[in-house]
Amino acid sequence: MEKSFEPRPIESKWYARWEASDVFRPSGHGEPYCILLPPPNVTGTLHMGHAFQQTVMDMLIRYQRMRGMNTLWQVGTDHAGIATQKIVENQLAVDNKSRHDLGREPFVERVWQWKEESGSTITNQMRRLGVAADWSRERFTMDEGLSAAVRKVFVDWYRAGLIYRGNRLVNWDPVLGTAVSDLEVNNVERDGHMWSIRYPVTGSDESVVVATTRPETMLGDVAVAVNPDDERYQKLIGKTLTLPLTGRQIPVIADDYVDKEFGTGCVKITPAHDFNDYAIGQRHKLAPIEIFTLDAKVNANAPAKYQGMDRYEARKVVLADLDAAGLLVETKPHKLQVPVSQRSDAVIEPMLTDQWFVDLTSDTQKDGRPGGRTAITEPALDAVRSGEIKFVPENWTTTYTQWLENIQDWCISRQLWWGHRIPAWYDEAGNIFVGEDEDDARTHATVAPVGALKQDEDVLDTWFSSALWPFSTLGWPANGPVKNERGDVVANWEVDKIFLPSAVLVTGFDIIFFWVARMVMATKYFTGKVPFREVYINAIVRDAEGQKMSKSKGNTLDPLDLIDGIELEPLVEKSTKSLLIPQVREKVEKRIRKDYPNGIPAIGTDALRFTFTALASYSRTINFDIKRAEGYKAFCNKLWNAARFVLMNLPEGELPAPSGAPATEAERWILTRLKQTLGEVEQHFVTYRFDLLAQALYEFTWNEFCDWFLELSKPALNGDDAVAAASTRHTLVVVLETVLRALHPIVPFITEEIWQSVAPKLGIKADGILQRSWPKVSEIPTDETATAEIEWFKNVLSGIRRIRAEMNIAPGKTIPLLLADGDATDRARAAKFAAQISFLARVDAPQWIDSGANEPAAAVAVVGSMRVLIPLAGLIDLGAEKTRLAKEIGRIEGEIKKCENKLGNANFVANAPAEVVTQERQRIADWGTQLTALREQMQKLG
């Protein structure tokens with residue numbers, strides 16, 4: 001092994017070897033264990049959320065593979081319809097061209113070309129994280145096999161009456177010219193206004209006042225609604241109003257939706273451009289009036305004066321005209337939530353358009369067949385209600401069920417060119433023909449086509465193909481092997497369906513609705529199985545202060561910059577290059593220079609992964625602090641140096657195994673603690689408490705193995721007892737090799753590198769650590785007696801070292817040691833460990849002070865009922881020792897107070913396990929013994 005741990009060359013070396021040796025493919029042995037990678041957008045680059053999520057998945061895959069499971073991590077990317085099309089359109093715009101200049105087929109060909117050249121960025125970055133994914137089975141949501149699945153699902157659902165085409169209100173992006181899903185819309189708080197407008201009652205001097213944040217939409221009003229119980233407006237219900245600026249007559253209607261306490265109690269109803277108004281319009285059978293074109297300009301349904309105006313230009317003119325007519329009552333500032341497209345930053349406009357929908361709400365169809373709620377939604381609900389699918393943490397079950405219980409039909413069409421083109425054709429009479437292809441559509445036609453057929457121009461929502469990921473990636477619906485464009489077999493449904501359901505889905509809470517639920521719907525319907533048994537909802541990564549990571553704040557971190565490091569100036573340039581507003585750019589630069597004055601030091605992949613693991617609790621968010629990551633780099637260095645110490649103390653060649661049990665108490669203690677730690681780790685894997693898992697492994701590796709056991713091994717390694725020395729050497733290597741296996745799922749690179757030097761010492765023939773089995777806890781021996789003795793020994797050493805440190809006694813100076821009080825067990829242990837205590841603590845052989853004998857002034861540490869004394873004469877300042885004792889007495893009094901507060905809490909005593917309550921009472925007794933001894937020592941010092 002090299003003298004120091006250098007992550008980068010190790011990482012590049014081992015990942016290339018792992019991938020080349022196909023070590024990540026399913027082994028074909030053991031129970032199936034599958035994880036479906038939430039397919040990242042082909043346009044994407046690795047961000048902190050990806051790195052966190054993929055660390056969790058990789059830990060699970062490596063752990064289960066070492067446990068003997070037949071593991072598959074199904075990997076791939078999503079075609080990301082809008083995002084990918086936008087990238088290529090932006091490229092064309094540089095040359096002042098649009099997709100329409102190219103035409104559909106050449107444009108789609110251009111997008112495929114971009115995908116081949118640039119679409120693998122994120123998958124290459126994933127390799128830097130060390131993910132144990134089976135790249136030989138990599139899928140793309142528009143590869144031929146997955147496209148076949150998409151066509152079959154669409155056709156089957158359509159023929160079952162579960163997909164229909166209708167004119168409905170959708171989120172419309174007027175810049176992209178397409179419907180978008182709720183997931184692609186951000187509700188952004190902005191400063192706006194609330195305008196109050198007077199609507200005259202027809203044929204009367206009376207009027208009502210409505211308030212709106214979008215006055216231009218009044219041109220499409222079809223009614224004004226009031227609450228049926230609002231006494232102020234009872235006499236107006238059923239009468240008509242004259243809609244200002246248009247002269248149209250609109251009714252006053254009564255609807256429970258209206259809150260009579262809010263505003264004036266009157267609400268303008270514009271069904272064509274507001275989702276709530278659309279629902280009211282449906283209830284009252286009001287015909288909607290569209291007043292915008294698809295590029296958000298006023299159309300011919302409005303008065304001629306406003307036609308052709310952009311919606312915001314129309315707003316200004318409408319307000320001016322209302323004011324001139326004396327109908328603008330009030331204008332006041334108002335904070336409002338504005339729906340903004342993630343992809344174009346355009347304000348979303350609710351629009352009535354012809355779209356394709358999946359029926360998720362009807363119980364029965366007109367012909368008696370099951371409707372979408374019965375056939376699709378309810379089975380997805382039952383899968384979670386029955387416990388067939390479990391959420392971790394469990395509270396996300398409520399989020400899932402509430403959304404499905406209140407679900408709307410799913411708009412699946414998008415007005416794009418990049419994506420799965422809808423397999424529907426129209427004849428010249430407008431009849432619809434659906435099929436796998438045009439011939440299939442004609443074959444299944446119920447009416448004879450009129451003239452030629454023309455395929456639907458729209459493509460399917462990206463989430464439609466993603467919903468099929470759990471079974472389409474495994475080869476469904478093909479009858480045999482599915483090959484990729486290179487001719488390699490990537491799936492075979494007959495063989496691979498053993499991986500359905502997968503074991504666990506690791507994903508974020510923000511796509512429970514858009515992806516998780518839809519995978520359950522589609523998989524249950526088409527395979528009869530659930531897609532996964534558990535759903536682990538990972539936390540959202542925030543910065544060290546708990547702020548959401550945002551480029552405009554300058555607090556985003558690139559995982560690769562943490563792994564490789566980055567100097568200050570490149571970091572500043574990278575963080576500010578996309579910020580166009582000078583004030584924001586200056587603010588971000590200032591923050592970067594303050595937070596990272598020396599740039600970001602390289603910490604390596606393993607340290608970053610350990611950080612994510614240690615943060616992975618059940619919390620909804622986690623705060624990522626780079627200082628913590630640097631701490632886990634120190635852990636990697638500690639492990640590296642410990643391994644070098646072990647190897648340097650071994651002879652050449654394979655180490656013969658000793659014939660008997662471990663010879664020393666220290667060996668039996670470390671094996672006992674190893675077994676306890678591995679038991680904890682296995683339980684934390686089951687419950688997905690990766691933070692507790694990381695803590696257990698960290699404390700064992702750093703404190704008990706690297707610090708204590710290496711220290712406790714030195715007397716045997718340097719002593720005259722050849723049997724103890726040989727036994728200790730063997731235990732050092734066995735424990736190190738076991739720790740490497742236990743740590744491997746978290747820190748794969750450093751453990752592989754060290755393991756390659758350690759394994760030959762034990763005669764292990766496996767090619768790599770991932771081929772080794774997970775440590776068998778049942779095979780590790782324990783010795784509670786040895787453990788108790790070593791814990792006593794550790795406490796004695798810790799007490800002496802604490803006195804040395806606090807009294808500033810030189811580490812190399814040999815000092816006298818006295819022992820007082822205690823019992824027969826203490827005397828026996830002191831005799832047994834006398835040589836080790838002298839060797840490791842740099843003290844003279846311990847001497848006992850008889851009861852009642854005069855004691856010299858001394859610094860004291862308390863171990864149980866025994867006192868450990870370091871005489872002060874010539875060593876210690878008496879005043880300093882009194883200060884130290886007072887500080888220690890105060891600390892112990894604080895510990896006793898904590899225990900007393902717990903036991904004084906009736907809820908704690910009533911609800912905590914009996915052994916925990918007993919443990920707290922024992923702690924009070926133990927602290928009390930120490931406190932008494934320390935107070936007596938204080939008195940002796942005067």
Apply salt bridge (charged side-chain N to carboxylate O under 4.0 Å, His left out) to residues Arg591 and Glu545 and explain how you reach the verdict. CA-CA 13 Å; Arg591 175 173 180 147; Glu545 285 77 44; 3.7 Å; yes
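- Taking the side chain as every heavy atom from C-beta outward, Ile87 and Gln91 approach each other to under 4.5 Å.
- The shortest side-chain heavy-atom distance between Leu72 and Leu474 falls under the 4.5 Å cut-off.
- Two residues are said to be in side-chain contact when any heavy atoms from C-beta on lie closer than 4.5 Å; Arg110 and Trp114 fail this criterion.
- In this structure, Tyr596 and Asp561 have side chains that are not in contact, with every pair of non-hydrogen atoms separated by 4.5 Å or more.
- By the 6.0 Å contact criterion, CD on Glu569 is enclosed, its count of non-hydrogen atoms from other residues, nucleotides or ligands being greater than 12.
- Of the listed residues (Phe610, Phe624, Phe612, Trp702), just one forms a ring-ring contact (aromatic ring centres under 6.0 Å, His included) with Tyr632, and that residue is Phe610.
- Looking at Lys390 and Glu394, no side-chain N of the basic residue comes within less than 4.0 Å of a carboxylate O on the acidic one, giving no salt bridge.
- Taking CD1 from Ile600 and CD1 from Ile626, the interatomic distance works out to 4.5 Å, rounded to the nearest 0.5 Å.
- Taking both residues in full, the closest heavy atoms of Phe749 and Gly130 are given as CZ-CA, 3.6 Å, listed atom of the first, atom of the second, then distance.
- A 6.0 Å sphere centred on CD of Gln337 holds more than 12 heavy atoms belonging to other residues, nucleotides or ligands.
- A donor-acceptor distance shorter than 3.5 angstrom exists from the side chain of Asp461 to the backbone of Trp463, with no hydrogens or angles considered.
- Ring planes of Trp18 and His744: perpendicular class, angle over 60° (limits at 30 and 60°).
- In this structure a side-chain-to-backbone donor-acceptor pair under 3.5 Å is present from Asp173 to Leu176.
- In this structure, Leu608 and Ile563 approach most closely via the heavy-atom pair CD2-CG1, 3.8 Å.
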What do the steps show when you test Met142 against Ser465 for side chain to side chain contact (heavy atoms under 4.5 Å, CB included), and what is the final call? CA-CA 8 Å; Met142 281 182 61; Ser465 48; over 6 Å; no
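- Contact of the Leu468 side chain with the Leu146 side chain is not registered, since no non-hydrogen atoms from C-beta on lie closer than 4.5 Å.
- Below 30°, between 30° and 60°, or above 60°: for Phe700 and Phe705 the angle between ring planes is below 30°, a parallel geometry.
- Tyr400 and Phe391 have tilted rings, their planes meeting at an angle from 30° to 60° on a 0 to 90° scale.
- Between the Arg644 side chain and the Glu2 main chain, a donor and an acceptor come within less than 3.5 Å of each other.
- Heavy-atom minimum distance, Lys633 versus Ala602: NZ-O, 3.0 Å.
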Report the C-alpha separation of Thr701 and Leu639 in whole Å, then their side-chain angles, then the decisive distance to 0.1 Å, and conclude whether the side chain to side chain contact (heavy atoms under 4.5 Å, CB included) test is met. CA-CA 8 Å; Thr701 306; Leu639 178 64; 4.0 Å; yes
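- Looking at Lys86 and Glu184, no side-chain N of the basic residue comes within less than 4.0 Å of a carboxylate O on the acidic one, giving no salt bridge.
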Give the table of side-chain donor-acceptor pairs shorter than 3.5 Å for residues 531-539, with sequence neighbours excluded, one pair per line with atom names and distance.
| from | atom 1 | to | atom 2 | distance (Å) |
| --- | --- | --- | --- | --- |
| Glu534 | OE1 | Tyr688 | OH | 2.6 |
| Asn538 | OD1 | Gln53 | NE2 | 3.1 |

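- Taking all atoms of both residues into account, the shortest heavy-atom contact from Gln547 to Arg542 is O-CB, 3.2 Å.
- We find that Arg772 and Glu737 are joined by a salt bridge, their nearest charged nitrogen and carboxylate oxygen being less than 4.0 Å apart.
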How far apart are the C-alpha atoms of Val504 and Tyr33, what are their side-chain angles, what is the distance that settles it, and do they pass the side chain to side chain contact (heavy atoms under 4.5 Å, CB included) test? CA-CA 9 Å; Val504 60; Tyr33 183 94; 3.6 Å; yes
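- For Thr84 (side chain) and His79 (main-chain N/O), a donor-acceptor pair under 3.5 Å exists by modelled atom type.
- Side-chain contact check for Ser341 versus Val175: every heavy-atom pair is 4.5 Å or farther apart.
- A distance-only check finds a donor-acceptor pair linking the side chain of Asn124 to the backbone of Ser120 [under 3.5 Å].
- Looking at every heavy atom in both residues, Arg609 comes nearest to Pro748 through NE-CD, 3.4 Å.
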For Gln85 and Val111, what are the C-alpha separation, side-chain angles and deciding distance, and is it a side chain to side chain contact (heavy atoms under 4.5 Å, CB included)? CA-CA 7 Å; Gln85 178 160 319; Val111 181; 5.7 Å; no
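- Between the Gln64 side chain and the Met69 main chain, no donor and acceptor come within less than 3.5 Å of each other.
- No option in Trp73, Tyr15, Trp135 other than Tyr15 meets the ring-ring contact (aromatic ring centres under 6.0 Å, His included) test with Phe24.
- Ring geometry for Tyr63 against Phe685 counts as parallel: the plane angle stays under 30°, on a 0 to 90° scale with 60° as the upper cut.
- A salt bridge links Glu753 with Lys13: the distance from a Lys NZ or Arg NE/NH1/NH2 to an Asp or Glu carboxylate oxygen falls below 4.0 Å.
- Arg139 places a side-chain N or O within 3.5 Å of a backbone atom of Thr473 that can act as its donor or acceptor partner.
- A 4.5 Å side-chain heavy-atom check between Ile512 and Trp403 finds every atom pair outside the cut-off.
- Within the 3.5 Å criterion, the main-chain N or O of Gly30 finds no donor-acceptor partner in the side chain of Asn70.
- Looking at every heavy atom in both residues, Glu680 comes nearest to Ala696 through OE1-CB, 3.6 Å.
- Judged by distance alone, with hydrogens and angles left aside, the side-chain atoms of Gln74 form no donor-acceptor pair with the main-chain N or O of Pro470 at under 3.5 Å.
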Distance-only criterion, 3.5 Å: show the donor-acceptor pairs between side-chain atoms of residues 35-48 and protein atoms not counting sequence neighbours.
| from | atom 1 | to | atom 2 | distance (Å) |
| --- | --- | --- | --- | --- |
| His47 | ND1 | Gly49 | N | 3.0 |
| His47 | ND1 | His50 | N | 3.2 |
| His47 | NE2 | His50 | ND1 | 3.4 |

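- In this structure, the separation between NZ on Lys574 and OG1 on Thr576 is 12.0 Å, given to the nearest 0.5 Å.
- With hydrogens and angles left out, the side-chain atoms of Arg128 and Gln125 include no donor and acceptor closer than 3.5 Å.
- Listed for the Arg741 side chain is a donor-acceptor partner under 3.5 Å among the backbone atoms of Ser773.
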